[in-house]
Amino acid sequence: MTAILTHRPDQPFDLDRTLDCGQAFRWVKADGWWQGVVGGRAIRIRQEGDRLIYSGADEAFIRDYFRLDQDLPAILASIDRDPTIADAIRRCYGLRVVRQPPWECLVSYICATNTNIPAVKRRISLLSERYGSAIGGASWAAHTFPEPERLAALCHADLRDCRLGYRTDYVSSAAVFAAEHPGWAEQIAALPYEDARREMMRLRGVGPKAADCTLLFAFGFFEAFPVDVWIRRIVAEAYMPELRGRTCTPAEYDRIRLFARDYFGEYAGYAQEYLYCARPGPFPCG
DNA sequence: CCCCAGGTGAATA
DNA sequence: TATTCACATGGG
């Protein structure tokens with residue numbers, strides 16, 4: 001069953017930029033439709049102006065996942081502090097930070113260390129196809145993302161065969177942890193940002209970057225400002241010219257994220273995502 | 001052969 | 001506390 005959602009013209013939303021910017025890894029565009037799996041739902045969706053045509057989920061779920069009730073113009077106005085971020089806002093206007101399922105998001109960003117986006121997509125796709133559950137009724141071969149228990153039960157070789165490389169043990173131990181602590185996500189969500197961050201970083205393979213990405217993209221801690229090689233490059237050029245070299249030490253990571261939190265405000269995470277999407281890289285925001 | 005990619009952990013001084 | 005290095009994988 002296909003449904004139509006008309007969102008308010010004063011609440012901009014750009015589906016392509018939102019799903020193509022590298023925050024979520026399971027969406028594929030085919031024949032003008034975005035296809036993806038979120039929380040066990042096989043969703044198809046496309047945009048025509050201010051209308052969203054979709055199937056596989058109800059309106060409440062679509063609104064929640066894409067955060068359509070978040071006041072995006074107010075958020076963008078709050079971070080719009082200089083020509084650099086203004087240009088990123090102009091180029092990526094309508095991008096929204098989605099609300100990802102915590103477990104899948106955590107594994108995704110463990111899989112995203114020292115690699116590139118296509119490789120992350122491949123890993124998450126392989127994990128789902130091989131160890132997720134098939135979803136009936138979809139127009140394509142849709143699979144859920146495997147539960148922690150399923151991944152925790154796999155042998156090292158089977159997990160590594162999903163092209164996880166040296167991240168295999170990290171994903172495995174995170175799966176054991178999540179299976180043994182079913183309430184982990186609710187506990188993280190209930191903490192203040194800095195405490196939640198410390199807790200996340202207790203997991204093997206989860207450093208500042210993976211923690212901040214999960215906190216921003218799954219838990220909605222919008223003050224999180226993940227610093228990857230691209231963001232470091234952009235920040236060094238536009239805001240902190242004193243940064244030298246190309247490696248991001250822990251102390252330097254903290255300097256950058258605390259600067260950004262102070263400079264852009266409580267929605268620094270949105271500034272991060274717009275700067276990232278507008279980067280002069282392989283997937284620039286049109 | 002090289003370097004790079006949404007980094008992190010361990011060893012070392 | 002700050003450097004340095006290895007790590008699997010795939011693309012250019």
Hey, are Trp27(A) and Asp20(A) close enough side-chain-wise for a donor-acceptor pair under 3.5 Å?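 Their side chains do not contain a donor-acceptor pair, so the 3.5 Å distance test is not met.
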Rounded to the nearest angstrom, tell me the gap between atom [atom1] in [X] and atom [atom2] in [N].
{"X": "Arg255(A)", "N": "dA2(C)", "atom1": "CZ", "atom2": "C1'", "result": "14 Å"}
{"X": "Glu252(A)", "N": "dT8(B)", "atom1": "CD", "atom2": "C1'", "result": "16 Å"}
{"X": "Arg232(A)", "N": "dT8(B)", "atom1": "CZ", "atom2": "P", "result": "14 Å"}
{"X": "Met201(A)", "N": "dG9(B)", "atom1": "CE", "atom2": "P", "result": "7 Å"}
{"X": "His156(A)", "N": "dC7(C)", "atom1": "NE2", "atom2": "C1'", "result": "12 Å"}

According to a strict under-4.0 Å criterion, is Arg204(A) in side-chain N/O contact with OP1 or OP2 of dG7(B)? no
Applied to residues 204-218 of chain A, the salt bridge (charged side-chain N to carboxylate O under 4.0 Å, His left out) test, sequence neighbours excluded, yields Arg197(A)-Asp212(A)
Residue pairs, two or more places apart or on separate chains, that pass salt bridge (charged side-chain N to carboxylate O under 4.0 Å, His left out) and touch residues 217-232 of chain A: Arg232(A)-Glu252(A)
Which residues satisfy the salt bridge (Lys or Arg N to Asp or Glu O under 4.0 Å) test with [X], sequence neighbours excluded?
{"X": "Arg255(A)", "value": "Glu242(A)"}
{"X": "Glu266(A)", "value": "none"}
{"X": "Arg51(A)", "value": "Glu48(A)"}
{"X": "Glu180(A)", "value": "none"}

Does anything in residues 164-180 of chain A reach DNA chain C, meaning a heavy atom under 4.0 Å, and if so which residues? Gly165(A), Tyr166(A), Arg167(A)
What's touching nucleotides 10-12 of chain C from the protein side, N or O pairs under 3.5 Å?
unit_1: dG10(C); atom_1: OP1; unit_2: Arg122(A); atom_2: NH1; d: 2.7
unit_1: dG10(C); atom_1: OP1; unit_2: Arg163(A); atom_2: NE; d: 2.9
unit_1: dG10(C); atom_1: OP1; unit_2: Arg163(A); atom_2: NH2; d: 3.3

Residue Lys209(A), side-chain heavy atoms: nucleotide from dA5(B), dT8(B), dA10(B) that is nearest: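 My answer, after comparing the listed nucleotides, is dT8(B).
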Taking for each residue the nucleotide of DNA chain B with the nearest heavy atom, is it Val206(A) or Cys213(A) whose nucleotide lies nearer the 5' end?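 Upstream on the strand: Cys213(A).
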Short of 4.0 Å, heavy atom to strand atom, which residues of residues 101-114 of chain A count as contacting DNA chain B? Ala112(A), Thr113(A), Asn114(A)
State, yes or no, whether a side-chain contact exists between Val107(A) and Ile110(A) at a heavy-atom distance under 4.5 Å.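 No, side chains not in contact.
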Within the 4.0 Å heavy-atom criterion, would you say Leu203(A) contacts the bases, only the backbone, or no part of the nucleic acid?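 Leu203(A): backbone/sugar contact only, no base atoms under 4.0 Å.
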For residues 100-125 of chain A, pull every pair meeting side-chain hydrogen bond (donor to acceptor under 3.5 Å, both in side chains), keeping only residues two or more places apart or in separate chains. Thr113(A)-Tyr166(A), Thr113(A)-Arg167(A), Thr115(A)-Arg123(A), Ser125(A)-Glu129(A)
Contacts satisfying side-chain hydrogen bond (donor to acceptor under 3.5 Å, both in side chains) that involve residues 137-156 of chain A (not counting sequence neighbours) are His156(A)-Asp169(A)
Under the side-chain contact (heavy atoms from CB on, under 4.5 Å) rule, collect the residues that match up with Phe177(A), sequence neighbours excluded. His181(A), Trp184(A), Leu203(A)
